[in-house]
Amino acid sequence: MEANGLAYLPAGEARLLRHLDDMFERWGIGVGAEPVIGAPLLPVAKLAKLDYYQNFPHQALVVNALDLQRRPQGQDACAIEAFPPEQLQSAEIALPSATCYAVYLGMEGTSLPGNTLITLVGRCFRREERYTGLRRLLGFHMREIVALGEQEFVEEHIDRFSSRILQFAEALDLPLRKEAATDPFFDGEGPRALLQRIAPVKYEFLAGDLAIASVNKHRNFFGERCDIQLADSGRPVFTSCVAFGLERWLAVLHDRYGDWAAADEAVAKADRALASAATTEGTSHAV
């Protein structure tokens, strides 16, 4: 583990991360989500249209190429630690802080035939005051399950997965609490922000002081900004998402179980318990 927030995951950690991600993806597919692959990087200009740099100025991580005309000459290539700004081209590509941005920008200007669920995993990047093991990283994996459609549909999506996350934590014997949090998608001074304070739109699931999952309602913000509409009505879609910070799950599971193999077995056992409970509930409803 490096102090710069960039982690290498050996076999035990990597195996558990894949196990968790496969399970969360299956949760989404089980309710009708289509797996997709989002762009790994996003245009600065596109994120700007989403108020990203107004609401997240501290997360303005960008990529720019070396200016070949101004690159260092006669310097030991092995001794380079950083490139000064004057040796770089302009930065037009951004490192995203959440996976779902790739969905809204990828679907920009489209019409949906009806309520839609999508799931994807991506690399996300966040600047932190300090980096602490797997708990807080500069670069990490985030699995999301995204809902687009009518308001009632996207709100039911949040309710369904809020319950499932808490049930999974209970099956893991992992203390987890749900708390309202600030929604970064809305201007802190605008009418949306006032509505948010009256009716919270973002909740985090915390293990101790660490948020390892969240549910987020965006109302029709992304539908309007990205011109994503419902075909039958022509109205902008409402959206919501469920997000899992995978390395953060690794950190709290290792703290809880003491080693990677025990944590992996606990996840498998809890997964089976939830599947069995769902089958039993479905059978009882059928009767």
Side-chain angles (χ1 to χ4, degrees), residues 1 5-7 9 12-28 33 56 59 96-101 119-146 157-185 200-217 240-271 273-274:
M1 183 69 62
L6 302 174
L9 300 183
E13 291 96 316
R15 186 178 301 111
L16 180 55
L17 186 145
R18 288 194 299 271
H19 189 171
L20 285 165
D21 186 47
D22 289 346
M23 182 188 67
F24 294 142
E25 181 185 46
R26 184 165 20 90
W27 287 6
F56 273 128
Q59 298 296 0
S97 61
T99 302
C100 61
Y101 286 112
T119 186
L120 73 169
V121 66
R123 286 276 193 170
C124 296
F125 303 86
R126 294 186 182 178
R127 294 180 66 188
E128 302 275 6
E129 291 184 1
R130 65 184 184 279
Y131 299 112
T132 311
L134 294 174
R135 296 172 62 85
R136 297 192 183 277
L137 289 168
L138 170 60
F140 61 98
H141 295 82
M142 181 185 293
R143 163 66 62 178
E144 294 207 39
I145 307 168
V146 181
H157 176 65
I158 292 302
D159 293 341
R160 176 192 302 117
F161 280 97
S162 292
S163 297
R164 181 168 293 190
I165 290 168
L166 293 173
Q167 291 168 358
F168 181 56
E170 182 177 1
L172 280 169
D173 192 23
L174 178 69
L176 204 63
R177 67 185 189 279
K178 178 182 176 182
E179 290 188 358
T182 301
D183 184 354
F185 297 113
V201 292
K202 179 184 180 72
Y203 288 91
E204 293 178 333
F205 296 84
L206 294 100
D209 64 349
L210 184 67
I212 60 176
S214 68
V215 292
N216 308 267
K217 291 188 290 187
S240 66
C241 66
V242 182
F244 303 92
L246 297 179
E247 281 84 351
R248 291 187 175 195
W249 278 86
L250 296 188
V252 299
L253 288 171
H254 189 268
D255 288 347
R256 172 65 185 82
Y257 290 101
D259 66 67
W260 300 113
D264 195 52
E265 176 55 34
V267 168
K269 183 178 179 181
D271 186 20
L274 259 64

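Not measured: the values here are computed from a predicted model.
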S.K.: Can you list everything that forms a side chain to side chain donor-acceptor pair (under 3.5 Å) with R177? Sequence neighbours excluded, please.
M.R.: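 For R177, the residues satisfying side chain to side chain donor-acceptor pair (under 3.5 Å) (neighbours in sequence not counted) are E179.
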
S.K.: Which pairs, with at least one residue in residues 12-21 and sequence neighbours excluded, count as a salt bridge (Lys or Arg N to Asp or Glu O under 4.0 Å)?
M.R.: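 As it turns out, the salt bridge (Lys or Arg N to Asp or Glu O under 4.0 Å) pairs with a partner in residues 12-21, which skip direct neighbours, are D21-R143.
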
S.K.: To the nearest 0.5 Å, tell me how far L134 CG sits from L210 CG.
M.R.: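 So the CG of L134 and the CG of L210 are separated by 10.5 Å.
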
S.K.: Out of curiosity, I145 CD1 to E25 CD, how far, rounded to the nearest 0.5 Å?
M.R.: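 Answer rounded to 0.5 Å: 9.0 Å.
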
S.K.: Where do G5 and L137 come nearest, in terms of heavy atoms and distance?
M.R.: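 Taking every non-hydrogen atom into account, O-CD2, 3.4 Å.
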
S.K.: Is D209 salt-bridged to R135, going by a charged N under 4.0 Å from an acidic O?
M.R.: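 Yes, charged N to carboxylate O under 4.0 Å.
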
S.K.: Looking at residues at least two apart in the chain, or sitting in another chain, which of them share a side chain to side chain contact (heavy atoms under 4.5 Å, CB included) with A262?
M.R.: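 Scan of A262 (side chain to side chain contact (heavy atoms under 4.5 Å, CB included), adjacent residues dropped) gives Y257, D259.
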
S.K.: Taking atom NE2 of H19 and atom CG of D271, what is their separation to the nearest 0.5 Å?
M.R.: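 It comes to 5.5 Å.
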
S.K.: Which pair of non-hydrogen atoms, one from M142 and one from C124, has the smallest distance, and what is that distance?
M.R.: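 Minimum heavy-atom contact is CB-SG, 3.7 Å.
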
S.K.: Which distance, rounded to the nearest 0.5 Å, do you find between the CG of L6 and the CG of L138?
M.R.: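 The CG atom of L6 sits 5.0 Å away from the CG atom of L138.
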
S.K.: Please find the pair of heavy atoms, one from L172 and one from A266, that lie closest to each other, and give the distance.
M.R.: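 Scanning both residues completely, I find the closest heavy atoms to be CD2-O, 3.5 Å.
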
S.K.: Evaluate the side-chain proximity of F205 to L166: yes if any heavy-atom separation is below 4.5 Å, no if none is.
M.R.: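 With C-beta onward as the side chain, the pair touches.
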
S.K.: When you compare the side chain of L250 with that of H141, does any pair of heavy atoms fall below 4.5 Å?
M.R.: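 With C-beta onward as the side chain, the pair stays apart.
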
S.K.: Output all residues satisfying ring pair (Phe, Tyr, Trp, His ring centres under 6.0 Å) with H254, sequence neighbours left out; order by chain, then residue number.
M.R.: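 Per chain and number, H254 pairs via ring pair (Phe, Tyr, Trp, His ring centres under 6.0 Å) with W260.
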
S.K.: Please determine if E128 and R248 form a salt bridge, counting it only when a charged side-chain N lies under 4.0 Å from a carboxylate O.
M.R.: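 So E128 pairs with R248 through a salt bridge.
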
S.K.: Tell me, do S97 and F125 make a side-chain contact under 4.5 Å, heavy atoms counted?
M.R.: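 No; the side chains remain at least 4.5 Å from each other.
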
S.K.: Parallel under 30°, tilted from 30 to 60°, perpendicular over 60°: which one fits the rings of F24 and F168?
M.R.: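 F24 vs F168 ring planes: perpendicular.
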
S.K.: Taking the side chain as every heavy atom from C-beta outward, state whether V267 and W249 have any atom pair closer than 4.5 Å.
M.R.: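 No, every pair of side-chain atoms sits at 4.5 Å or beyond.
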
S.K.: Just to verify, what does F161 make a ring pair (Phe, Tyr, Trp, His ring centres under 6.0 Å) with, not counting sequence neighbours?
M.R.: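 By the ring pair (Phe, Tyr, Trp, His ring centres under 6.0 Å) rule, F161 matches H157.
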
S.K.: State, with a plain yes or no, whether a side-chain heavy atom of S240 is found less than 4.5 Å away from one of V215.
M.R.: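 Not touching, per the 4.5 Å side-chain cut-off.
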
S.K.: Side-chain contact test, heavy atoms from C-beta onward, threshold under 4.5 Å: evaluate it for L274 versus R164 and give yes or no.
M.R.: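 Of all side-chain heavy-atom pairs linking R164 with L274, at least one is under 4.5 Å.
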
S.K.: For the backbone of A211 and the side chain of E204, can you confirm whether one donor and one acceptor N or O come within less than 3.5 Å of each other?
M.R.: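 No, because the side chain of E204 does not come within donor-acceptor range (under 3.5 Å) of the backbone of A211.
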
S.K.: With the side chain counted from C-beta on, respond yes when L9 and E247 share a heavy-atom pair under 4.5 Å apart, and no when they do not.
M.R.: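 Yes - at least one pair of side-chain heavy atoms lies under 4.5 Å apart.
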
S.K.: Once side chain to side chain donor-acceptor pair (under 3.5 Å) is applied, do any residues pair with Q59, and if so which ones, sequence neighbours excluded?
M.R.: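 Q59 satisfies side chain to side chain donor-acceptor pair (under 3.5 Å) with no residue once adjacent residues are dropped.
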
S.K.: Are side-chain heavy atoms of I212 and L176 found at a separation under 4.5 Å?
M.R.: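 Touching, per the 4.5 Å side-chain cut-off.
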
S.K.: Do you know the tightest heavy-atom contact between R126 and A98?
M.R.: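 Looks like NH2-CB, 4.4 Å.
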
S.K.: What's the separation between atom CZ in R160 and atom CH2 in W27, rounded to the nearest 0.5 Å?
M.R.: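 Separation between the atoms: 12.5 Å.
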
S.K.: On a heavy-atom basis, which atom in C100 and which in C241 lie closest, and how many Å separate them?
M.R.: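 Heavy atoms only, the tightest pair is SG-SG, 4.2 Å.
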
